[in-house]
Amino acid sequence: MDIKLAVSRSGHDKDRLYVIIKEEANLVYLADGRLKPIEKPKRKSRKHIQIIKNLPKDITEVFTQENFRNEEIKRAIKLYQKQTEIRRK
């Protein structure tokens, strides 16, 4: 499965990091494992998110199984936030 992270660019959840779990024509379904679990994903227009390309290998390795859980989503988001924080310093 091709894992994509996305940042919300508008709305009350602006700048929040999500994993894209499903894509349709103009919509994406996002989960963060906490407030928006896989069971109840957030539906958002494609134009209101920014997809993060070129994810580091250790983040994509979190999702080794076909069926991933909220715990893996939380872990991947946390890893990405740590890595971007290190790069900014």
Open item on the list: Are L35 and L5 linked, directly or through intermediate hydrophobic residues, by side-chain heavy-atom contacts shorter than 4.5 Å (ILVMFWY only)?
Closed with: no
Task: Flag, side chain of K4 to backbone of I21, donor-acceptor distance under 3.5 Å - done: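 Checking the backbone N and O of I21 against the side chain of K4, no donor-acceptor pair under 3.5 Å is found.
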Open item on the list: Between E72 (side chain only) and R69 (backbone N and O only), is there a donor and an acceptor less than 3.5 Å apart?
Closed with: yes
Task: Set of residues satisfying side-chain hydrogen bond (donor to acceptor under 3.5 Å, both in side chains) with respect to N26, sequence neighbours excluded - done: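 side-chain hydrogen bond (donor to acceptor under 3.5 Å, both in side chains) check on N26 returns nothing, list empty.
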TODO: Mind jotting down which residue pairs meet the salt bridge (charged side-chain N to carboxylate O under 4.0 Å, His left out) criterion with at least one end in residues 46-60? Sequence neighbours excluded, please.
DONE: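 Matches after skipping sequence neighbours: E23-R46.
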Distance (rounded to the nearest 0.5 Å) between [X] [atom1] and [Y] [atom2]:
X   : Y   : atom1 : atom2 : answer
S8  : L30 : OG    : CG    : 8.0 Å
L17 : I49 : CG    : CD1   : 11.0 Å
R9  : K14 : CZ    : NZ    : 7.0 Å

On a heavy-atom basis, which atom in [X] and which in [Y] lie closest, and how many Å separate them?
X   : Y   : answer
I52 : Y80 : CG2-OH, 3.4 Å
K44 : D13 : NZ-OD1, 3.1 Å
N70 : I38 : OD1-N, 2.9 Å
I73 : A31 : CG2-O, 3.7 Å

Task: Lys/Arg-Asp/Glu bridge criterion (N-O < 4.0 Å) met for D32, R16 - done: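 Looking at R16 together with D32, the answer is yes, because their closest N to O distance falls below 4.0 Å.
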Open item on the list: Are S10 and H48 packed together at the side-chain level, in the sense that at least one heavy-atom pair is separated by less than 4.5 angstrom?
Closed with: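 S10 reaches H48 side chain to side chain.
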Open item on the list: I'd like to check P56 versus Q83 (side-chain heavy atoms, cut-off strictly below 4.5 Å). Are they in contact?
Closed with: yes
Open item on the list: Please evaluate residues R75 and I59 with respect to the criterion side-chain contact (heavy atoms from CB on, under 4.5 Å), reporting the C-alpha separation (whole Å), side-chain torsions for both, the decisive distance (0.1 Å), and the verdict.
Closed with: CA-CA 8 Å; R75 190 164 149 232; I59 292 172; over 6 Å; no
TODO: Give the intermediate values and the outcome of side-chain contact (heavy atoms from CB on, under 4.5 Å) for residues K42 and Y29.
DONE: CA-CA 5 Å; K42 177 166 187 63; Y29 292 86; over 6 Å; no
